[in-house]
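One structure follows; several queries about it will come next.
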Amino acid sequence: QVQLVESGGGLVQAGGSLRLSCAASGSTFSSYAMAWFRQAPGKEREFVAIISRSAVSTYVAASVKGRFTISRDNAKNMGYLQMNSLQPEDTAVYYCAADRRYDISGQVLKYDYWGQGTQVTVSS
């Protein structure tokens, strides 16, 4: 099993940037692909990005492509989501998730391990 803890959320003005972190523990982090999801109030959880176990492959949702970058540091058991040019519609709780498979379908049910989430609020 792997435990995940997100950090780095906060309040930022439109056009600003934030870097989210996901700290992993309990198992070999490099054995898992890592993804980021987000959930806005009243909406379903939405796939944002995924990175493969070795960081060779990444995939970013069209809604954030060109603005968000996913990365990881297996030596530190850390995952990251760099978010630039933030817009009010990016406001949501952001979650990191882990699964042994690298799957770009972004299906929530495929992920066994989740963090508790970190709030990102973008003001206009």
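Position 1 is the first residue of the sequence; numbering continues from there. Everything numeric in this text was worked out from a predicted model, so none of it was measured.
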Q.
Tell me the closest heavy-atom pair linking Ala14 and Pro88, and the distance in Å.
A.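 So the two residues come closest at CB-CD, 4.2 Å.
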Q. Considering all heavy atoms of both residues, which atom of Val2 and which atom of Ala24 are nearest to each other, and what is their separation?
A. CG2-CB, 4.0 Å
Q. Pairs in or reaching into residues 63-80: which pass salt bridge (Lys or Arg N to Asp or Glu O under 4.0 Å), with residues at least two apart or in two chains?
A. Arg67-Asp90
Q: Might you work through the side chain to side chain contact (heavy atoms under 4.5 Å, CB included) test for Glu6 and Ser21, ending with a clear yes or no?
A: CA-CA 6 Å; Glu6 303 94 335; Ser21 298; over 6 Å; no
Q. Going by heavy atoms in the side chains, are Gln119 and Thr121 under 4.5 Å from each other?
A. yes
(Q) According to a hydrophobic-cluster definition based on side-chain heavy atoms being under 4.5 Å apart (Ile, Leu, Val, Met, Phe, Trp, Tyr only), do Ile104 and Tyr32 belong together? (A) no
Q. Going by side-chain heavy atoms closer than 4.5 Å, which hydrophobic residues are tied to Val60, directly or by a chain of links?
A.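 For the cluster that includes Val60, the remaining residues are Val12, Leu18, Leu20, Phe29, Met34, Trp36, Val48, Ile51, Val64, Phe68, Ile70, Leu81, Met83, Leu86, Tyr94, Val120, Val122.
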Q.
Once rounded to the nearest 0.5 Å, what's the spacing between atom CZ of Phe47 and atom CZ of Phe37?
A. 6.0 Å
Q. With a cut-off of 6.0 Å (strictly less than), are more than 12 heavy atoms of other residues, nucleotides or ligands near CD of Gln116?
A. yes
Q.
Under 4.5 Å side-chain heavy-atom separation, chaining through any Ile, Leu, Val, Met, Phe, Trp or Tyr, what else clusters with Leu11? Say none if it is isolated.
A. none
Q: Can you see which heavy atom on Thr118 is nearest to which on Gly8, and at what distance?
A: OG1-N, 4.2 Å
Q. Between Val93 and Gly117, what is the shortest heavy-atom contact and its length?
A.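 It is CG1-CA, 3.8 Å.
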Q) Taking all non-hydrogen atoms of both residues, which atom of Ser54 and which atom of Asn74 are closest, and how far apart? A) CA-ND2, 4.4 Å
Q. Can you find a heavy atom in the side chain of Ile50 that is under 4.5 Å from one in the side chain of Tyr111?
A. yes
Q: Quick one: list whatever passes salt bridge (charged side-chain N to carboxylate O under 4.0 Å, His left out) with Glu46, sequence neighbours left out.
A: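 Salt bridge (charged side-chain N to carboxylate O under 4.0 Å, His left out) check on Glu46 returns Arg38.
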Q: Establish, yes or no, whether the cationic atom of Arg53 lies under 6.0 Å from the six-membered ring centre of Tyr102 and within 45° of the ring axis.
A: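 Verdict for Tyr102: no cation-pi partner in Arg53.
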Q) In chain order, what residues pass the side chain to side chain contact (heavy atoms under 4.5 Å, CB included) check against Ser71, with sequence neighbours excluded? A) Tyr80
Q | Transitive ILVMFWY side-chain link Met78 to Trp114, under 4.5 Å | A | no
Q) Which pairs with one or both residues in residues 101-124 pass salt bridge (Lys or Arg N to Asp or Glu O under 4.0 Å), sequence neighbours excluded? A) Asp99-Arg101, Asp103-Lys110
Q: Kindly indicate, with the supporting measurements, whether the criterion side chain to side chain contact (heavy atoms under 4.5 Å, CB included) is fulfilled by Asn84 and Gln82.
A: CA-CA 7 Å; Asn84 298 329; Gln82 178 67 43; 2.9 Å; yes
